[in-house]
Student: 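Submitted below is the structure of interest, expressed as C-alpha cells.
Counting starts at 1 for both ligands and their atoms, following the listed order.
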Amino acid sequence: MDISYIKNQKLLNWINEIKELCNPNSIYVCDGSQEEYNNITQQLVDSGTFIKLNENKKLNSFYCVSSPDDVARVEDRTFICSKNQIDAGPINNWMEPTEMKILLKGLFKNSMIGRTMYVIPFSMGPIGSKISHIGVQLTDSPYVVANMKIMTRIGKNVLDILDNDFVPCLHSVGFPLTNGTKDVSWPCNKTKYIVHFPEEKSIWSFGSGYGGNALLGKKCFALRIASVMAKENSWLAEHMLIVGITSPEGKKKYIAAAFPSACGKTNLAMLQPTLPGWKVETVGDDIAWMKIGNDGRLYAINPEAGFFGVAPGTSYKTNYNAMKSLEKNSIFTNVALTDDGNIWWEKMTDHIPEHLTDWKKRSWTNDSQEPSSHPNSRFTAPANQCPTIDVNWENPNGVPIDAILFGGRRATVVPLVTEALNWQHGVFLGSSVSSETTAAAVGAVGQLRRDPFAMLPFCGYNMGDYFKHWIEMGKKIKHPPKIYYVNWFRKDKDGNFIWNGYGDNIRVLKWIFERIDEKVEANETPIGKIPHLKDLDISDLNLSKENLEKLFEIDKNAYLKDVESIKEYYKKFGEKLPNELLQEVDELEKKLK
Ligand code: TSX
Ligand code: MN
C-alpha cells in the first residue's frame, strides 16, 4: 500500500523522521494480504535470498540461509537503555539513552540507501483484544516482512484500529546499497545493536536480519518492552508456553509453563498424551501475556501467530504436531536442502539422506564433519496449522490459567514435580530456575546456569524489581494459579534418564490436574509438596519401584548446596532483592537442617 493510506499523525511523523535519517529508495506499507506475501516471497526468490521448495513436498514454502555470522540472538549486543542504570539491573547491558540515540543515529544514517523501507503494522495478540498490543516495525528486510506475516498479525486491519498507543520498532540490516553496491543474499552488518528504550517504549535494532534480533514483535517487544508495560500496569509478560488439558471426564484446564532453552518447551506445548482419554491442546509455545480478569482469575493470550522453532531434533517421533504445522506455508532458515527440493535437519528422520546442500551452501554427505543444519536453525510456521491448536487460541479474552509450571534440566537433586506451598514460595521457585547446559549452546556441557523465570535474556528492567512485581501480583490475583516446579531430566547413576518424558509427561500433568481439583493429597517436604507415589499414574510404564522413588528422592545435603548457590546468586541483585525471597531461602535452609 501507499503511504497515503496512513492517517495516524504520530505514525506519519515517525515514518518521515526515519525516512530522513535512513534515506530509503522507497516506502511500502504492508496490507497483510496473501497477494502481498506472494509478491514479497517471489521478490526474495528473484534476488536469490529464498529458494522455493518443491510444491509436492512443502506447499508454498521457502528455504533460506543466513550469513554464517548472523545465526542467533546477540545477547552481548542487547541493551536496555533506561535513564538510570539501576533500572536495567545487574543482568542487562546498559547505556545512557541520549548517548545511545546519538550512536544509533550515526549507524542508521543512510543505512537504507537503495532499499525499500517496509512499514509493518502488527498486533501482538488477536486484533482488538484488550490483552493485545500494537507495534509498527520499519524495516529494510523483506525476509523480516515475510516472517512477521507468519509470526504476528500484520496489515490493514491493524492500521484501521491504530491510535497513538503503539510501540515503534525500527530495524535495519545495516547494508546500504550505496553507489551501486551489489546486494547479497543475506545482507547484515558486523556491528550489531539490539536496543530497547523502556521509558519511551521503543526498539532500535541494527545490523542483524536473524530471528529475535530482527523480528521485533517477539523477544524485543513481547518480552522486553512488554515486561516493562506489564510491571507498570499489573499484568505479566512471560517466556511461557500455554496449553489446555482435558481429562477423560471432559474437564478442561489451562496451564502456562516457563523453561530455559533446550528443555523442550515447544514439545510440551504440542504434547501427545500417552494416557487414554487425555487431551492436550496448544495455545502458544513461547510467550504468554497474562492479565487479571473481572472474576479475579489470571487470563492468558499467546501474543504470537506462529512458531519460530528450533529445527534440529524436531521429528514426527519427538513432536508430531510441530512437523504437521510446518508441512506448508512455512519458511526454513539455516537447515539443509535436499536434492529434491525439500528440507532436512539432524534427527528429523532415522534415515539420513545420502546427499544434501548444507546451511553453508556446501555439498554434504553422511561422512561430512559438520552437521548439515545450524544448531539454531529454525522453521517459521503458522500456528493455525498445528493439529492440536486450541479452540480458544485466538479468544480475545484469553484463557483462564489454573497452574504455572517452572522447570529446568537437572540430572540430580530436583524431583520430577514439586508443588509450591503458596504464591510467594512459587515466586521463590521461579527465581531459582536453573538448568544444566547442553551441547546445543556454546560453552561447557553440564554446567548449572541460573535462568530465573526463564527470563534471563528477556527481562526489560531490573530483575530484582521483576521478582518484586511477581510477589505483588500474588496479592492482586484473587484466585491465583497454583505453582509447580518440574524436572523431566533426572538421571540414574549410570547416566540414563529415569523418566520417559515427552508424551508420558501427561502423567505429571494429570497429578497437577487432580491437585487443582483437590482429588489427591500431597506429601509436604522441606522443599514443597510432592506426590504420594500411589497418586502418580505410571500404568503401562516400565518404571521400577526403585526408579520411581529415585524420581522423588530428596537429598537434604545436596539441596543445602543448592541453597548456598541460590544465596550466592541472589547477591547479584543487591538492595533490589525482595526481602520475601531472602525469607524463603532462609526458611528452606532451616527446614533442611
Ligand atoms: O522435549 C523434551 N521433553 C518434553 C516433552 C514434552 N525433551 C527433549 C529436550 C530437548 C529439546 C526431553 N528429553 C524430555 C521431555 O520430557 N525428556 C528427555 C530425556 C529423554 C530422552 C530420551 C528418552 C527418554 C528421556 N528415551 C529414549 O530416547 C528412548
Ligand atoms: Mn523462547
Student: Cation-pi check, Lys231 to Tyr461: give yes when NZ or CZ is under 6.0 Å from the six-membered ring centre and within 45° of the ring axis, no otherwise.
Tutor: yes
Student: Report all N/O contacts between ligand 1 and the protein shorter than 3.5 Å as a table of atom names and distances to 0.1 Å; if there are none, say 'none'.
Tutor:
residue, atom, partner, partner atom, Å
ligand 1, 1 (O), Asn267, ND2, 2.8
ligand 1, 7 (N), Tyr502, OH, 3.3
ligand 1, 16 (O), Tyr502, N, 3.0
ligand 1, 16 (O), Asn505, ND2, 2.9

Student: Which protein N, O or S atoms lie under 2.8 Å from the Mn ion (ligand 2)?
Tutor: Lys219 NZ, His239 NE2, Asp286 OD1
Student: Aromatic rings Tyr210 and Trp186: how do their planes relate, parallel, tilted or perpendicular, breaks at 30° and 60°?
Tutor: tilted
Student: Charged N to carboxylate O under 4.0 angstrom, Arg153 versus Glu394?
Tutor: yes
Student: Whether Asp562 and Arg410 form a salt bridge (side-chain N of Lys/Arg under 4.0 Å from carboxylate O of Asp/Glu) is what I want to check.
Tutor: yes
Student: Between Lys519 and Asp535 (salt bridge meaning N to carboxylate O under 4.0 Å), is one present in this structure?
Tutor: no
Student: Between Glu546 and Lys550, is there a side-chain N and carboxylate O pair less than 4.0 Å apart?
Tutor: no
Student: Ile242 versus Trp393: any side-chain heavy-atom pair under 4.5 Å?
Tutor: no
Student: Could you tell me whether Arg224 sits above the aromatic face of Phe458, with NZ or CZ closer than 6.0 angstrom to the six-membered ring centre and within 45 degrees of the axis?
Tutor: no
Student: Between Val65 and Trp359, is any pair of side-chain heavy atoms under 4.5 Å apart?
Tutor: yes
